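One structure is given here, and the rest of the page talks about it.
Because the structure is predicted, anything quoted here is derived from the model rather than measured.
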Amino acid sequence: MPNPDAASFRDLQDFYDVDALLSADERMIRDGVREYVRGELLPHVGGWWRDGVFPEHLPRAFGEMGMLGAMLPERYGGSDATATAYGLLNRELEYADSGLRSFVSVQSSLVMWPIHAYGSETLKEAWLPRLASGEAIGCFGLTEPDAGSDPGAMKTRCRKVGDAWTIRGTKRWITSGTSADVAIVWARDEDSGRVLGFVVETDRDGFRSEDVATKASMRASVTSELFLDEVAVPDAARLDVVGLKGALSCLNQARYGIAHGVVGAGFACFEEAVAYLEERPSFGEPLTAKQLVQARLADMLGDLTRASLLAYRLGRLKEEGGDTPARVSLAKRDNVRAALATARSARELLGGNGITTEYAAIRHMLNLETVSTYEGTDTVHTLILGREITGRAAF
Ligand code: TGC
Ligand code: FAD
(Lines give C-alpha, C1' and ligand atoms only; values in the text may rest on other atoms or scores of the structure.)
(Ligands and ions follow the chains in the order given, each with its own letter.)
Protein backbone atom coordinates (compact mmCIF):
# COMPACT_ATOMS: atom_id res chain seq x y z
CA MET A 1 0.00 0.00 0.00
CA PRO A 2 1.52 3.38 -0.93
CA ASN A 3 1.78 5.74 2.02
CA PRO A 4 -1.02 8.33 1.47
CA ASP A 5 1.14 11.05 3.04
CA ALA A 6 4.03 10.53 0.60
CA ALA A 7 4.57 12.82 -2.41
CA SER A 8 3.99 11.21 -5.81
CA PHE A 9 7.04 10.21 -7.80
CA ARG A 10 5.85 12.42 -10.64
CA ASP A 11 5.99 15.45 -8.35
CA LEU A 12 9.39 14.47 -6.97
CA GLN A 13 10.83 14.07 -10.47
CA ASP A 14 9.92 17.69 -11.02
CA PHE A 15 10.27 19.18 -7.53
CA TYR A 16 10.86 22.72 -8.83
CA ASP A 17 8.13 22.66 -11.48
CA VAL A 18 10.32 22.79 -14.58
CA ASP A 19 7.24 21.48 -16.35
CA ALA A 20 5.76 24.98 -16.19
CA LEU A 21 8.73 26.26 -18.26
CA LEU A 22 8.22 23.78 -21.10
CA SER A 23 6.22 24.38 -24.26
CA ALA A 24 3.20 22.23 -25.07
CA ASP A 25 5.24 20.51 -27.82
CA GLU A 26 8.08 19.75 -25.42
CA ARG A 27 5.68 18.24 -22.91
CA MET A 28 4.03 16.19 -25.64
CA ILE A 29 7.36 14.76 -26.83
CA ARG A 30 8.42 14.01 -23.24
CA ASP A 31 5.10 12.34 -22.36
CA GLY A 32 5.06 10.25 -25.56
CA VAL A 33 8.54 8.88 -24.88
CA ARG A 34 7.66 8.32 -21.21
CA GLU A 35 4.65 6.22 -22.14
CA TYR A 36 6.67 4.22 -24.68
CA VAL A 37 9.51 3.63 -22.20
CA ARG A 38 7.19 2.51 -19.39
CA GLY A 39 5.12 0.26 -21.67
CA GLU A 40 7.64 -1.19 -24.13
CA LEU A 41 11.10 -0.97 -22.59
CA LEU A 42 10.94 -1.21 -18.78
CA PRO A 43 9.36 -4.69 -18.69
CA HIS A 44 12.21 -6.11 -20.80
CA VAL A 45 15.31 -4.04 -20.27
CA GLY A 46 16.64 -5.94 -17.24
CA GLY A 47 16.57 -9.16 -19.27
CA TRP A 48 18.30 -7.54 -22.25
CA TRP A 49 21.03 -6.25 -19.95
CA ARG A 50 21.47 -9.65 -18.26
CA ASP A 51 21.68 -11.36 -21.67
CA GLY A 52 24.02 -8.72 -23.10
CA VAL A 53 21.62 -7.88 -25.94
CA PHE A 54 20.58 -4.70 -27.74
CA PRO A 55 17.43 -5.92 -29.56
CA GLU A 56 17.40 -5.48 -33.33
CA HIS A 57 13.89 -4.04 -33.43
CA LEU A 58 14.78 -1.01 -31.30
CA PRO A 59 16.36 1.27 -33.96
CA ARG A 60 13.19 1.19 -36.07
CA ALA A 61 11.00 1.65 -33.01
CA PHE A 62 13.10 4.63 -31.88
CA GLY A 63 12.87 6.00 -35.42
CA GLU A 64 9.08 5.71 -35.41
CA MET A 65 8.98 7.57 -32.09
CA GLY A 66 10.97 10.44 -33.69
CA MET A 67 13.85 9.94 -31.27
CA LEU A 68 16.68 9.76 -33.84
CA GLY A 69 18.13 13.10 -34.91
CA ALA A 70 15.14 14.79 -33.29
CA MET A 71 16.72 18.26 -33.45
CA LEU A 72 17.39 18.07 -37.20
CA PRO A 73 15.04 19.57 -39.79
CA GLU A 74 12.03 17.55 -40.91
CA ARG A 75 13.31 17.49 -44.52
CA TYR A 76 16.10 15.16 -43.36
CA GLY A 77 13.81 13.01 -41.22
CA GLY A 78 14.26 14.97 -37.98
CA SER A 79 11.50 16.52 -35.87
CA ASP A 80 12.79 20.11 -35.58
CA ALA A 81 12.68 19.51 -31.82
CA THR A 82 14.17 22.04 -29.44
CA ALA A 83 17.36 21.17 -27.55
CA THR A 84 15.24 20.98 -24.42
CA ALA A 85 12.86 18.44 -25.97
CA TYR A 86 15.83 16.38 -27.15
CA GLY A 87 17.26 16.49 -23.63
CA LEU A 88 13.97 15.39 -22.11
CA LEU A 89 13.67 12.41 -24.43
CA ASN A 90 17.17 11.32 -23.42
CA ARG A 91 16.14 11.57 -19.78
CA GLU A 92 13.04 9.45 -20.31
CA LEU A 93 15.02 6.83 -22.21
CA GLU A 94 17.82 6.65 -19.64
CA TYR A 95 15.19 6.07 -16.95
CA ALA A 96 15.11 2.62 -18.59
CA ASP A 97 18.82 2.14 -19.30
CA SER A 98 21.91 4.18 -20.16
CA GLY A 99 22.76 1.78 -22.98
CA LEU A 100 19.49 2.47 -24.80
CA ARG A 101 20.10 6.21 -24.46
CA SER A 102 23.64 5.66 -25.73
CA PHE A 103 22.29 4.25 -28.98
CA VAL A 104 20.19 7.38 -29.49
CA SER A 105 23.07 9.69 -28.47
CA VAL A 106 25.48 8.14 -30.92
CA GLN A 107 23.02 7.97 -33.79
CA SER A 108 21.74 11.53 -33.25
CA SER A 109 24.69 13.52 -31.93
CA LEU A 110 27.74 11.68 -33.20
CA VAL A 111 26.55 10.45 -36.61
CA MET A 112 23.59 12.49 -37.87
CA TRP A 113 24.82 15.78 -36.37
CA PRO A 114 28.25 15.77 -38.12
CA ILE A 115 26.72 14.66 -41.41
CA HIS A 116 24.26 17.54 -41.12
CA ALA A 117 26.88 20.07 -39.94
CA TYR A 118 29.80 19.10 -42.18
CA GLY A 119 28.49 16.77 -44.92
CA SER A 120 27.67 17.63 -48.54
CA GLU A 121 24.04 17.75 -49.62
CA THR A 122 24.59 14.36 -51.29
CA LEU A 123 25.79 12.81 -48.02
CA LYS A 124 22.88 14.36 -46.12
CA GLU A 125 20.29 13.05 -48.54
CA ALA A 126 21.93 9.63 -48.73
CA TRP A 127 22.18 9.05 -44.99
CA LEU A 128 20.05 11.32 -42.79
CA PRO A 129 16.53 10.03 -43.63
CA ARG A 130 17.68 6.40 -43.29
CA LEU A 131 19.42 7.11 -40.00
CA ALA A 132 16.36 9.01 -38.73
CA SER A 133 14.04 6.08 -39.43
CA GLY A 134 16.41 3.52 -37.89
CA GLU A 135 16.71 1.72 -41.23
CA ALA A 136 20.45 2.49 -41.10
CA ILE A 137 22.66 2.45 -38.01
CA GLY A 138 25.70 4.63 -37.47
CA CYS A 139 28.75 4.65 -35.21
CA PHE A 140 31.46 7.17 -34.34
CA GLY A 141 35.10 6.12 -34.35
CA LEU A 142 37.36 8.51 -32.48
CA THR A 143 38.84 6.52 -29.56
CA GLU A 144 41.66 4.07 -30.17
CA PRO A 145 43.32 1.39 -28.02
CA ASP A 146 46.08 3.90 -27.12
CA ALA A 147 44.23 7.21 -27.52
CA GLY A 148 41.13 7.88 -25.40
CA SER A 149 41.30 11.02 -23.27
CA ASP A 150 43.88 12.38 -25.69
CA PRO A 151 42.33 11.78 -29.12
CA GLY A 152 45.01 14.00 -30.69
CA ALA A 153 47.37 11.05 -30.13
CA MET A 154 45.41 8.93 -32.62
CA LYS A 155 47.42 6.59 -34.83
CA THR A 156 44.78 6.13 -37.53
CA ARG A 157 46.05 7.67 -40.75
CA CYS A 158 44.49 8.78 -44.03
CA ARG A 159 46.25 9.42 -47.31
CA LYS A 160 44.98 11.03 -50.52
CA VAL A 161 45.57 8.87 -53.59
CA GLY A 162 44.18 10.55 -56.72
CA ASP A 163 40.51 11.38 -56.08
CA ALA A 164 40.19 8.97 -53.19
CA TRP A 165 41.46 8.51 -49.63
CA THR A 166 42.73 5.39 -47.94
CA ILE A 167 42.34 4.96 -44.19
CA ARG A 168 44.17 2.58 -41.91
CA GLY A 169 43.99 2.16 -38.15
CA THR A 170 42.07 0.67 -35.24
CA LYS A 171 39.25 2.25 -33.24
CA ARG A 172 38.17 0.81 -29.87
CA TRP A 173 35.15 1.16 -27.60
CA ILE A 174 32.86 2.08 -30.45
CA THR A 175 29.14 2.05 -29.59
CA SER A 176 27.03 0.22 -32.23
CA GLY A 177 30.23 -0.70 -34.12
CA THR A 178 29.28 -4.20 -35.30
CA SER A 179 25.66 -3.19 -36.07
CA ALA A 180 26.60 -0.09 -38.03
CA ASP A 181 26.00 0.48 -41.74
CA VAL A 182 28.07 3.64 -41.62
CA ALA A 183 30.94 4.85 -39.46
CA ILE A 184 32.16 8.40 -38.89
CA VAL A 185 35.92 7.80 -38.79
CA TRP A 186 38.50 10.35 -37.65
CA ALA A 187 42.04 10.01 -39.03
CA ARG A 188 45.18 12.12 -39.32
CA ASP A 189 46.21 13.15 -42.82
CA GLU A 190 49.75 11.93 -43.51
CA ASP A 191 50.48 15.00 -45.66
CA SER A 192 49.00 17.93 -43.73
CA GLY A 193 49.14 16.39 -40.26
CA ARG A 194 45.54 17.60 -39.65
CA VAL A 195 42.70 15.40 -38.36
CA LEU A 196 39.97 14.73 -40.95
CA GLY A 197 36.58 13.00 -40.69
CA PHE A 198 35.07 10.53 -43.16
CA VAL A 199 31.67 8.92 -43.69
CA VAL A 200 32.65 5.29 -44.26
CA GLU A 201 30.23 2.53 -45.31
CA THR A 202 31.06 -0.49 -43.20
CA ASP A 203 30.80 -2.92 -46.13
CA ARG A 204 33.85 -1.40 -47.83
CA ASP A 205 36.83 -3.69 -48.49
CA GLY A 206 39.25 -3.70 -45.58
CA PHE A 207 36.65 -2.73 -42.93
CA ARG A 208 36.12 -5.23 -40.11
CA SER A 209 34.56 -5.02 -36.63
CA GLU A 210 34.19 -7.20 -33.57
CA ASP A 211 32.51 -6.77 -30.19
CA VAL A 212 34.10 -6.19 -26.81
CA ALA A 213 32.73 -9.30 -25.09
CA THR A 214 33.73 -8.84 -21.46
CA LYS A 215 31.65 -5.84 -20.36
CA ALA A 216 30.17 -5.66 -16.85
CA SER A 217 28.55 -2.32 -17.77
CA MET A 218 26.39 -1.10 -20.68
CA ARG A 219 25.39 -4.68 -21.39
CA ALA A 220 22.28 -3.65 -23.38
CA SER A 221 24.51 -1.73 -25.79
CA VAL A 222 26.84 -2.90 -28.55
CA THR A 223 30.48 -1.86 -28.00
CA SER A 224 33.03 -2.78 -30.63
CA GLU A 225 36.46 -2.50 -32.12
CA LEU A 226 36.84 -1.30 -35.73
CA PHE A 227 39.74 -2.37 -37.93
CA LEU A 228 40.43 -0.37 -41.09
CA ASP A 229 43.00 -1.92 -43.38
CA GLU A 230 43.63 0.53 -46.25
CA VAL A 231 39.90 1.25 -46.63
CA ALA A 232 39.34 3.37 -49.75
CA VAL A 233 36.68 6.12 -49.75
CA PRO A 234 35.96 8.85 -52.32
CA ASP A 235 36.82 12.46 -51.53
CA ALA A 236 33.05 13.09 -51.47
CA ALA A 237 32.89 11.06 -48.22
CA ARG A 238 35.10 13.57 -46.40
CA LEU A 239 33.47 15.91 -43.92
CA ASP A 240 34.05 19.60 -44.51
CA VAL A 241 35.94 20.33 -41.30
CA VAL A 242 39.67 20.30 -40.61
CA GLY A 243 41.35 19.63 -37.26
CA LEU A 244 40.41 17.93 -34.02
CA LYS A 245 37.69 20.53 -33.45
CA GLY A 246 35.51 18.63 -35.94
CA ALA A 247 35.39 15.56 -33.69
CA LEU A 248 35.26 17.60 -30.47
CA SER A 249 32.30 19.63 -31.71
CA CYS A 250 30.34 16.37 -32.06
CA LEU A 251 31.21 15.50 -28.47
CA ASN A 252 29.67 18.78 -27.35
CA GLN A 253 26.33 17.57 -28.73
CA ALA A 254 26.51 14.12 -27.15
CA ARG A 255 27.70 15.41 -23.77
CA TYR A 256 24.66 17.71 -23.72
CA GLY A 257 22.32 14.72 -24.14
CA ILE A 258 24.13 12.86 -21.37
CA ALA A 259 23.68 15.79 -18.96
CA HIS A 260 19.91 15.30 -19.30
CA GLY A 261 19.90 11.54 -19.72
CA VAL A 262 21.59 10.60 -16.46
CA VAL A 263 18.92 12.45 -14.46
CA GLY A 264 16.53 9.74 -15.67
CA ALA A 265 18.80 6.91 -14.49
CA GLY A 266 19.18 8.67 -11.14
CA PHE A 267 15.43 9.03 -10.63
CA ALA A 268 14.86 5.38 -11.55
CA CYS A 269 17.19 4.40 -8.69
CA PHE A 270 15.68 6.94 -6.28
CA GLU A 271 12.13 5.77 -6.93
CA GLU A 272 13.09 2.12 -6.63
CA ALA A 273 14.79 2.79 -3.30
CA VAL A 274 11.85 4.75 -1.82
CA ALA A 275 9.36 2.06 -2.85
CA TYR A 276 11.57 -0.72 -1.49
CA LEU A 277 12.29 0.97 1.83
CA GLU A 278 8.58 1.67 2.42
CA GLU A 279 7.90 -2.07 2.18
CA ARG A 280 10.99 -3.18 4.11
CA PRO A 281 10.56 -3.45 7.90
CA SER A 282 13.56 -3.13 10.19
CA PHE A 283 13.55 -2.75 13.97
CA GLY A 284 9.75 -2.78 13.97
CA GLU A 285 8.89 -0.19 11.32
CA PRO A 286 9.44 0.55 7.63
CA LEU A 287 12.96 1.71 6.79
CA THR A 288 11.45 4.93 5.42
CA ALA A 289 10.69 5.90 9.05
CA LYS A 290 14.41 5.97 9.98
CA GLN A 291 16.13 9.33 10.15
CA LEU A 292 19.39 8.23 8.55
CA VAL A 293 17.49 6.66 5.65
CA GLN A 294 15.49 9.86 5.17
CA ALA A 295 18.71 11.89 5.19
CA ARG A 296 20.04 9.80 2.32
CA LEU A 297 16.80 10.14 0.37
CA ALA A 298 16.89 13.91 0.88
CA ASP A 299 20.46 14.01 -0.48
CA MET A 300 19.38 12.04 -3.55
CA LEU A 301 16.43 14.35 -4.21
CA GLY A 302 18.67 17.40 -3.78
CA ASP A 303 21.36 16.06 -6.14
CA LEU A 304 18.87 15.07 -8.82
CA THR A 305 16.85 18.28 -8.55
CA ARG A 306 19.99 20.40 -9.01
CA ALA A 307 21.01 18.19 -11.93
CA SER A 308 17.58 18.60 -13.49
CA LEU A 309 17.72 22.40 -13.20
CA LEU A 310 21.24 22.52 -14.63
CA ALA A 311 20.20 20.39 -17.59
CA TYR A 312 17.11 22.50 -18.21
CA ARG A 313 19.08 25.77 -18.17
CA LEU A 314 21.78 24.31 -20.42
CA GLY A 315 19.04 23.35 -22.89
CA ARG A 316 17.74 26.90 -23.06
CA LEU A 317 21.32 28.20 -23.43
CA LYS A 318 21.90 25.71 -26.24
CA GLU A 319 18.82 26.99 -28.05
CA GLU A 320 20.48 30.44 -28.04
CA GLY A 321 23.92 29.10 -29.02
CA GLY A 322 25.24 29.36 -25.45
CA ASP A 323 26.30 25.73 -25.00
CA THR A 324 30.01 26.52 -24.69
CA PRO A 325 32.26 23.47 -24.21
CA ALA A 326 33.04 24.44 -20.60
CA ARG A 327 29.34 24.81 -19.70
CA VAL A 328 28.65 21.43 -21.26
CA SER A 329 31.59 19.90 -19.37
CA LEU A 330 30.27 21.17 -16.04
CA ALA A 331 26.81 19.72 -16.68
CA LYS A 332 28.15 16.38 -17.98
CA ARG A 333 30.53 15.97 -15.06
CA ASP A 334 28.28 17.12 -12.23
CA ASN A 335 25.10 15.44 -13.45
CA VAL A 336 26.88 12.10 -13.92
CA ARG A 337 28.28 12.50 -10.40
CA ALA A 338 24.76 13.16 -9.05
CA ALA A 339 23.29 10.14 -10.83
CA LEU A 340 26.16 7.83 -9.88
CA ALA A 341 26.03 8.88 -6.21
CA THR A 342 22.28 8.24 -6.21
CA ALA A 343 22.67 4.84 -7.88
CA ARG A 344 25.37 3.76 -5.41
CA SER A 345 23.30 4.94 -2.45
CA ALA A 346 20.16 3.22 -3.77
CA ARG A 347 22.09 0.02 -4.36
CA GLU A 348 23.29 0.08 -0.80
CA LEU A 349 19.87 0.90 0.68
CA LEU A 350 18.47 -2.20 -1.03
CA GLY A 351 20.80 -4.30 1.12
CA GLY A 352 21.55 -7.78 -0.18
CA ASN A 353 18.76 -7.50 -2.73
CA GLY A 354 20.64 -4.53 -4.15
CA ILE A 355 23.38 -6.72 -5.54
CA THR A 356 20.92 -8.73 -7.66
CA THR A 357 19.66 -7.86 -11.12
CA GLU A 358 16.11 -8.37 -9.78
CA TYR A 359 16.37 -4.67 -9.00
CA ALA A 360 17.51 -1.91 -11.34
CA ALA A 361 19.93 -0.04 -9.04
CA ILE A 362 23.02 -2.14 -9.66
CA ARG A 363 22.39 -2.17 -13.44
CA HIS A 364 22.13 1.63 -13.49
CA MET A 365 25.13 1.94 -11.17
CA LEU A 366 27.31 -0.22 -13.40
CA ASN A 367 26.11 1.57 -16.55
CA LEU A 368 26.85 4.95 -14.98
CA GLU A 369 30.47 3.87 -14.40
CA THR A 370 30.75 3.89 -18.20
CA VAL A 371 28.90 7.19 -18.51
CA SER A 372 31.38 8.70 -16.08
CA THR A 373 34.20 7.45 -18.35
CA TYR A 374 32.96 7.99 -21.88
CA GLU A 375 32.46 11.32 -23.61
CA GLY A 376 35.36 12.61 -21.51
CA THR A 377 36.16 11.12 -18.12
CA ASP A 378 35.22 12.94 -14.93
CA THR A 379 38.89 13.94 -14.68
CA VAL A 380 39.04 15.30 -18.23
CA HIS A 381 35.99 17.50 -17.57
CA THR A 382 37.56 18.67 -14.31
CA LEU A 383 40.65 19.68 -16.29
CA ILE A 384 38.55 21.43 -18.96
CA LEU A 385 36.96 23.45 -16.13
CA GLY A 386 40.38 24.06 -14.58
CA ARG A 387 41.56 25.48 -17.90
CA GLU A 388 38.45 27.66 -18.11
CA ILE A 389 39.07 29.05 -14.62
CA THR A 390 42.84 29.57 -14.77
CA GLY A 391 43.64 29.81 -18.47
CA ARG A 392 46.22 27.03 -17.94
CA ALA A 393 45.84 23.63 -19.64
CA ALA A 394 46.85 20.95 -17.12
CA PHE A 395 45.98 17.84 -19.18
P1 TGC B 1 42.13 21.58 -27.73
O2 TGC B 1 43.37 22.34 -28.08
O3 TGC B 1 41.47 21.84 -26.43
O4 TGC B 1 41.05 21.75 -28.90
C5 TGC B 1 41.36 21.51 -30.26
C6 TGC B 1 40.36 22.31 -31.08
O7 TGC B 1 39.02 21.85 -30.80
C8 TGC B 1 38.21 22.91 -30.22
N9 TGC B 1 37.39 22.29 -29.16
C10 TGC B 1 36.07 22.14 -29.24
N11 TGC B 1 35.20 22.49 -30.16
C12 TGC B 1 33.90 22.19 -29.93
N13 TGC B 1 33.48 21.53 -28.84
C14 TGC B 1 34.34 21.14 -27.88
N15 TGC B 1 33.90 20.46 -26.81
C16 TGC B 1 35.71 21.44 -28.05
N17 TGC B 1 36.82 21.21 -27.32
C18 TGC B 1 37.85 21.75 -28.01
C19 TGC B 1 39.21 23.91 -29.70
O20 TGC B 1 38.66 25.20 -29.65
C21 TGC B 1 40.33 23.80 -30.72
O22 TGC B 1 39.91 24.50 -31.88
P23 TGC B 1 40.99 25.24 -32.84
O24 TGC B 1 40.16 25.99 -33.83
O25 TGC B 1 41.79 26.13 -31.93
O26 TGC B 1 41.82 24.16 -33.45
O27 TGC B 1 42.49 20.03 -27.88
P28 TGC B 1 43.36 19.07 -26.99
O29 TGC B 1 44.03 18.11 -27.90
O30 TGC B 1 44.20 19.88 -26.03
O31 TGC B 1 42.27 18.23 -26.18
C32 TGC B 1 41.59 18.73 -25.15
C33 TGC B 1 40.64 17.68 -24.51
C34 TGC B 1 41.40 16.79 -23.53
C35 TGC B 1 39.63 18.50 -23.74
C36 TGC B 1 39.94 16.82 -25.55
O37 TGC B 1 40.81 16.06 -26.27
C38 TGC B 1 38.87 15.91 -24.95
O39 TGC B 1 37.73 16.34 -24.82
N40 TGC B 1 39.19 14.62 -24.61
C41 TGC B 1 38.21 13.64 -24.21
C42 TGC B 1 37.93 12.70 -25.34
C43 TGC B 1 36.50 12.24 -25.37
O44 TGC B 1 35.61 12.77 -24.76
N45 TGC B 1 36.23 11.21 -26.17
C46 TGC B 1 34.90 10.76 -26.39
C47 TGC B 1 34.83 9.77 -27.53
S48 TGC B 1 33.19 9.48 -28.13
C49 TGC B 1 32.39 8.67 -26.92
O50 TGC B 1 32.86 8.47 -25.85
C51 TGC B 1 31.01 8.23 -27.26
S52 TGC B 1 30.27 7.41 -25.97
C53 TGC B 1 28.75 7.01 -26.57
C54 TGC B 1 27.66 7.96 -26.12
O55 TGC B 1 27.80 9.19 -26.22
O56 TGC B 1 26.63 7.50 -25.65
P1 FAD C 1 42.42 6.84 -20.67
O2 FAD C 1 42.45 8.06 -21.50
O3 FAD C 1 43.53 5.86 -20.83
O4 FAD C 1 42.31 7.26 -19.13
C5 FAD C 1 42.62 6.35 -18.07
C6 FAD C 1 42.50 7.11 -16.76
O7 FAD C 1 43.48 8.17 -16.73
C8 FAD C 1 41.14 7.80 -16.57
O9 FAD C 1 40.77 7.73 -15.23
C10 FAD C 1 41.41 9.24 -16.97
O11 FAD C 1 40.54 10.16 -16.34
C12 FAD C 1 42.84 9.39 -16.48
N13 FAD C 1 43.55 10.46 -17.21
C14 FAD C 1 43.72 10.57 -18.53
N15 FAD C 1 44.41 11.69 -18.84
C16 FAD C 1 44.69 12.29 -17.67
C17 FAD C 1 45.38 13.49 -17.29
N18 FAD C 1 45.88 14.31 -18.22
N19 FAD C 1 45.50 13.81 -15.97
C20 FAD C 1 44.95 12.99 -15.03
N21 FAD C 1 44.28 11.85 -15.31
C22 FAD C 1 44.15 11.51 -16.62
N23 FAD C 1 34.65 6.30 -28.07
C24 FAD C 1 34.31 6.61 -29.34
O25 FAD C 1 35.09 7.21 -30.07
N26 FAD C 1 33.09 6.26 -29.84
C27 FAD C 1 32.16 5.59 -29.10
O28 FAD C 1 31.06 5.29 -29.58
C29 FAD C 1 32.51 5.22 -27.76
N30 FAD C 1 31.65 4.48 -27.01
C31 FAD C 1 32.07 3.98 -25.80
C32 FAD C 1 31.28 3.04 -25.12
C33 FAD C 1 31.74 2.46 -23.94
C34 FAD C 1 30.90 1.41 -23.26
C35 FAD C 1 32.98 2.88 -23.38
C36 FAD C 1 33.48 2.30 -22.09
C37 FAD C 1 33.75 3.82 -24.04
C38 FAD C 1 33.32 4.36 -25.26
N39 FAD C 1 34.14 5.23 -26.00
C40 FAD C 1 33.79 5.60 -27.27
C41 FAD C 1 35.48 5.56 -25.51
C42 FAD C 1 35.53 6.58 -24.39
O43 FAD C 1 35.28 7.87 -24.86
C44 FAD C 1 36.91 6.48 -23.71
O45 FAD C 1 36.93 5.25 -22.99
C46 FAD C 1 37.19 7.65 -22.80
O47 FAD C 1 37.35 8.85 -23.55
C48 FAD C 1 38.45 7.43 -21.94
O49 FAD C 1 39.52 6.98 -22.70
P50 FAD C 1 40.37 5.67 -22.26
O51 FAD C 1 39.40 4.58 -22.01
O52 FAD C 1 41.41 5.46 -23.28
O53 FAD C 1 41.02 6.06 -20.88
Side-chain angles (χ1 to χ4, degrees), residues 1-19 34 37-38 42 45-46 49 90-92 94-98 101 216-218 258-312 330-373 378 381-382:
M1 266 300 272
N3 179 350
D5 293 328
S8 81
F9 284 140
R10 196 166 181 124
D11 291 343
L12 293 174
Q13 273 223 21
D14 190 18
F15 204 47
Y16 273 63
D17 199 15
V18 169
D19 205 72
R34 180 173 289 184
V37 166
R38 310 284 160 123
L42 277 185
V45 69
W49 193 92
N90 277 280
R91 172 170 162 172
E92 293 304 321
E94 198 152 351
Y95 183 89
D97 193 86
S98 301
R101 193 270 308 141
S217 170
M218 289 291 188
I258 290 170
H260 279 269
V262 292
V263 181
F267 270 114
C269 296
F270 170 74
E271 292 177 3
E272 182 176 72
V274 175
Y276 179 88
L277 295 163
E278 180 62 25
E279 295 296 318
R280 181 83 182 166
S282 195
F283 298 92
E285 56 187 348
L287 276 163
T288 43
K290 303 295 179 190
Q291 288 184 349
L292 290 178
V293 168
Q294 290 191 1
R296 295 177 70 164
L297 297 178
D299 284 348
M300 291 182 191
L301 182 62
D303 282 351
L304 296 177
T305 300
R306 280 189 295 278
S308 179
L309 290 167
L310 191 58
Y312 170 76
L330 182 71
K332 192 275 183 182
R333 185 189 82 140
D334 286 13
N335 285 7
V336 173
R337 282 186 181 182
L340 193 46
T342 299
R344 286 176 179 154
S345 201
R347 206 285 321 139
E348 197 187 351
L349 285 168
L350 265 62
N353 283 321
I355 66 121
T356 73
T357 53
E358 301 296 311
Y359 292 86
I362 198 163
R363 173 168 57 82
H364 283 298
M365 185 190 92
L366 292 169
N367 284 340
L368 287 164
E369 291 292 341
T370 283
V371 185
S372 175
T373 292
D378 182 280
H381 290 296
T382 300

TODO: Assess whether side-chain contact (heavy atoms from CB on, under 4.5 Å) is satisfied between Asn353 and Glu358, documenting all intermediate values.
DONE: CA-CA 8 Å; Asn353 283 321; Glu358 301 296 311; over 6 Å; no
TODO: State, to 0.1 Å, how close Ala268 and Tyr95 come at their nearest heavy-atom pair, and which atoms those are.
DONE: CB-O, 3.4 Å
Open item on the list: I need the minimum non-hydrogen distance between Val18 and Tyr312, along with the two atoms involved.
Closed with: CG1-CD1, 3.6 Å
Task: His364 and Glu94, any side-chain heavy atoms less than 4.5 Å apart - done: no
Open item on the list: Between Glu272 and Arg347, does any NZ, NE, NH1 or NH2 come within less than 4.0 Å of an OD or OE carboxylate oxygen?
Closed with: no
Open item on the list: Please give me the minimum heavy-atom distance between Trp49 and Ala216, naming the atom from each residue.
Closed with: CZ2-O, 3.8 Å
Open item on the list: Just verifying a value: how many Å separate Thr356 OG1 and Arg363 CZ, rounded to the nearest 0.5 Å?
Closed with: 11.5 Å
Open item on the list: I need the Glu348 CD to Met365 CE distance, nearest 0.5 Å.
Closed with: 10.5 Å
Open item on the list: Strictly distance-based, threshold 3.5 Å: is any side-chain N or O of Asp97 a donor or acceptor partner for the main-chain N or O of Val45?
Closed with: no
Open item on the list: Has Thr373 got a side-chain atom pairing as donor or acceptor with Glu369's backbone, closer than 3.5 angstrom?
Closed with: yes
Task: More than 12 heavy atoms of other groups within 6.0 Å of Phe9 CZ - done: yes
Task: Verdict with supporting geometry, Cys269 and Met300, side-chain contact (heavy atoms from CB on, under 4.5 Å) - done: CA-CA 9 Å; Cys269 296; Met300 291 182 191; over 6 Å; no
Open item on the list: I'd like to know if the side chain of Asn367 and the backbone of Ser217 have a donor-acceptor N/O pair within less than 3.5 Å.
Closed with: no
Task: Working for side-chain contact (heavy atoms from CB on, under 4.5 Å), residues Asp303 and Arg306 - done: CA-CA 5 Å; Asp303 282 351; Arg306 280 189 295 278; 2.8 Å; yes
Open item on the list: Please find the pair of heavy atoms, one from Leu340 and one from Ser372, that lie closest to each other, and give the distance.
Closed with: CD2-CB, 4.1 Å
Open item on the list: Run the side-chain contact (heavy atoms from CB on, under 4.5 Å) test on Ser98 and Leu368 for me, step by step, so that the C-alpha distance in whole Å, both residues' side-chain angles and the decisive distance to 0.1 Å come before the verdict.
Closed with: CA-CA 7 Å; Ser98 301; Leu368 287 164; 4.1 Å; yes
Open item on the list: Let me confirm one number: the NZ-NE2 distance from Lys332 to His260, rounded to the nearest 0.5 Å.
Closed with: 15.0 Å
- [ ] Compare all side-chain heavy atoms of Leu301 with those of Phe267 and state whether any distance is below 4.5 angstrom.
- [x] yes
TODO: Rounded to the nearest 0.5 Å, what's the gap from OG1 on Thr342 to CG on Leu304? Could you check?
DONE: 4.0 Å
TODO: Would you indicate whether the side-chain heavy atoms of Leu349 and Tyr276 approach each other to under 4.5 Å?
DONE: no
Open item on the list: In the structure I gave you, are the side-chain heavy atoms of Val336 and Asp378 within less than 4.5 Å of one another anywhere?
Closed with: no
Open item on the list: Measuring from atom CG of Leu350 to atom CD1 of Ile355, what distance do you get when rounded to the nearest 0.5 angstrom?
Closed with: 11.0 Å
TODO: Rounded to the nearest 0.5 Å, what's the gap from CD1 on Ile362 to OG1 on Thr357? Could you check?
DONE: 8.5 Å
TODO: Check whether any side-chain N or O of Asn335 sits under 3.5 Å from a backbone N or O of Ala307 as a donor-acceptor pair, and report yes or no.
DONE: yes
